[in-house]
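Have a look at the structure below, then the notes.
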Amino acid sequence: MRVSQNLIPTLKEVPAEADTISHQLLLRAGMLRRVAAGIYTLLPLGYRVVEKIKQIVREEMNNAGGVELLLPIIQPAEIWHEAGRWDVYGHEMFRLQDRHERNFCLGPTHEEIITDLIRQEVKSYRQLPLLLYQIQNKYRDERRPRFGLMRGREFIMKDLYSFDRDESGLETSYQKMYNAYSRIFSRCGLSFRIVEADPGAIGGSDTHEFMVLADTGEAEIVFCSVCDYAANVEKAPCQPRTSPSAGEFKPLKLVSTPGVRTVQEVAAFLGVEPQVILKTLFYYADSELIAVLVRGDRAVNETKAKNLLGATQLEIASEAEITRQFKIPIGYAGPPGLKERAPVKIIADYEVKDLINAVAGANQPDHHYLNVNLGRDYEVDTLGDLRIAEEGDLCPKCGAPLHLKRGIEVGQIFKLGVKYSKALGATILDETGKEIPIIMGCYGIGITRTMAAAVEQRHDENGIIWPVSLAPYEAVVIPISHRDSLQVKFAEEIYQNLLAHGIDVIYDDRPERAGVKFKDADLIGYPVRLVVGNRAVSENLVEIKWRASGEIILKEKEEAINYLKNNLNKLRKGE
RNA sequence: CGGGGUGUGGCGCAGCUUGGCAGCGCGCUUGGUUUGGGACCAAGAGGCCGGGGGUUCAAAUCCCCCCACCCCGACCA
């Protein structure tokens, strides 16, 4: 490929629309353009990266026994109704009608469609196990698309669905995917961690997330400093880090705290530590009003709260709602006497039980209570693990301290069980002729997100540093002077030779000054740069520069080809 | 959805407070000089100032409505 024949519109300046480094660099490197919020065009170079990721995924899926197919983007409403998700999915689903006013959606995921296929075509345990996958666009009308490719409304995903006759079959399929995913992200040159996660709305039991470590990641994960435990903070169980203090209950005391509302303000005003304050937050769990109590220095883990309550939706109550329900300004709510003001279920984190003589809102403007005690001053409906794990919490496996990091979720694997096969009647006959539901699993990889994650993790001040396995081209050939016919001829030869030896190479034949081409090469992030200058013509020496290390090597023309063939071959398999 | 912000040639921005010829840098075109890290000089092309309505002799600028995009919070690959 010649640069002059391609469309590679690099930018010197950072477009105002981009805030995230991967978004900025993908735009600047001429790989990506926005069309609408969360909807992008992949330019030729960006598309090549996507294709390389797809190819790695494909190889590993096939190796694991997966079979590729293609499901439709446009899906009829009926099947979603049948599985009970047409209404559940809400605004996130792009919906449309055909000319007969029949309802359809753009597929946000494909469990329904593939289960429908399987229920029609698979009737016997003899046909299982099956691992079917596709690489396709998904459509989710996100409330807030952001960070370029990281969270789009249209994105490319690989989704595989496993169909087994029993739990042990599912376990085998799950393990195959677990291993395949590990290989995929290694081959993509990414530093990642596999964490336990919460199954969330998709349902099912076990689930793991594959997190690319990056400070800009949206997800928080904890991992053990000693053993191999790692989990999404939403999932990680928390031990109370308090110990039941033996202190005597002091008498409840009302104090004036004018204009003091937040935990920080209360702590400062009363001269106490945040951990003796009782934080009271209000939520709607499937439209039931809930108060959640945690220690003042903790954060509520909404996933855990949702699970504890068995709710499908949990939403924080608005300030207006709180005032309307309890007739008190926000910031002065506390558990003593709360239930008398409005019917509310109170759930509390385990640590709350150990809080002796706590500070809490007094349910009247500008006042707090001192010495609030569970059992004497208020009761809770349920105690449970409701807080978000933090740095220093203890590993649930081995008890060592946990560390906190941020990650980008590039893949997730689920054991679905019979949720969809039961709802849609996907059953088989076993050896005894008994009809049983198929056991399913689903396994997703965000292809375009993986691309963004790779940039997020691999860049420097000059641009992207692609691993060889993902680079749009493995090498770029640059003649220093486009007007020096000897250099151009030399560069042409090198280019043709590399091509002939199966190296994925692009030739920068633009009539530009060398500096422009160097800047572009760094920005785009080709792993290898070959420069043809005067020494090429006079001494037959080509300059080879590695983008990642900055290492520069001079080789004679013929030697250069072999050198690159050998080195690239090693790197293609992953770094 | 709630909160905050921004819309001015392809890109980055100034101008708006206090209404009076639509500007700057990059990019693009042409010519010349340059040529190993985003060159220089000269001459050009390119804009319904997001859209609609209003106020005014006069609106990028003031007022109202709408739209789009970005950022912060509740969901997800």
Side-chain angles (χ1 to χ4, degrees), chain A residues 9-20 23 27-28 30 33-39 57 89-92 108-109 135-160 181 197-202 209-212 218-219 232 234 283-284 300 302-303 305-306 312-321 408-414 442-453 462-463 478-484 487 511-523 529 531-536 543 545 552:
Chain A
T10 55
L11 304 170
K12 276 191 192 175
E13 285 171 297
V14 181
E17 72 184 73
D19 228 46
T20 317
H23 191 192
L27 289 169
R28 288 191 53 213
R33 288 294 183 266
R34 195 194 70 224
V35 174
I39 297 173
V57 169
Y89 229 97
H91 293 298
E92 209 145 292
T109 177
I135 298 175
Q136 218 228 41
N137 287 2
K138 293 281 185 279
Y139 296 84
R140 296 184 190 171
D141 196 358
E142 294 277 350
R143 26 188 99 44
R144 179 138 106 90
R146 54 179 152 174
F147 304 151
L149 284 186
M150 209 76 87
R151 176 174 303 279
R153 295 193 293 173
E154 176 184 76
F155 58 97
I156 303 174
M157 177 167 157
K158 184 284 306 180
D159 45 328
L160 182 143
Y181 274 39
D198 185 271
I202 299 189
E209 289 169 339
F210 289 71
M211 296 280 189
V212 167
E218 291 185 271
N232 194 306
E234 290 178 353
Y283 288 88
Y284 276 100
V300 172
E302 293 176 8
T303 306
K306 194 156 74 177
T312 55
Q313 271 216 318
L314 188 78
E315 227 175 311
I316 192 139
S318 68
E319 186 164 348
E321 261 310 291
I408 300 162
E409 183 191 341
V410 289
Q412 185 162 17
I413 57 180
F414 279 102
C442 72
Y443 315 84
I445 291 179
I447 302 285
T448 33
R449 183 183 281 182
T450 298
M451 173 172 170
N462 294 316
I478 299 177
I480 286 292
S481 170
H482 65 273
R483 304 196 324 166
D484 181 326
Q487 278 184 27
E512 291 285 351
R513 293 158 59 95
V516 172
K517 298 185 192 182
F518 292 159
K519 286 286 183 192
D520 273 352
D522 286 347
L523 179 60
R529 186 185 84 185
V531 174
V532 174
N534 282 330
R535 294 188 71 179
E543 175 188 302
K545 182 174 181 186
I552 295 176

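Given the structure is predicted, the values throughout are model-derived calculations rather than measurements. Just so we're on the same page: letters track the sequence lines, and every chain starts at 1.
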With the threshold set at 4.0 Å, does a side-chain nitrogen-carboxylate oxygen contact exist between A/Asp198 and A/Lys306?
no
Students often get this wrong, so: under 4.0 angstrom with heavy atoms, is [X] touching a base, only sugar-phosphate, or nothing?
{"X": "A/Arg144", "answer": "base"}
{"X": "A/Phe147", "answer": "sugar-phosphate"}
{"X": "A/Gly148", "answer": "nothing"}
{"X": "A/Arg34", "answer": "sugar-phosphate"}

Could you tell me which nucleotide pairs with [N] by Watson-Crick or G-U wobble geometry, both distances under 3.5 Å, or answer none if nothing does?
{"N": "B/G20", "result": "B/C57"}
{"N": "B/A68", "result": "B/U6"}
{"N": "B/G73", "result": "B/C1"}
{"N": "B/C11", "result": "B/G25"}
{"N": "B/C49", "result": "none"}
{"N": "B/C40", "result": "B/G32"}

For B/C26 versus B/A68, give the span between their P atoms, rounded off to a whole number of Å.
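Going atom to atom, P in each nucleotide, I get 35 Å.
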Distance between P atoms of B/C57 and B/C40 (Å, rounded):
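That atom pair is separated by 49 Å.
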For a quick check, with a 4.0 angstrom heavy-atom cut-off, what is the B/S/- contact string for nucleotides 32-42 of chain B, read 5' to 3'?
--BBBBBB---
Can you tell me whether the side chain of A/Arg151 and the base of B/C76 have a donor-acceptor pair closer than 3.5 Å?
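Under the 3.5 Å cut-off, the side chain and the base do form a donor-acceptor pair.
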N/O (side chain, A/Arg146) to phosphate O (OP1/OP2, B/C72) under 4.0 Å
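A/Arg146 to B/C72 OP1/OP2: side-chain N or O found under 4.0 Å.
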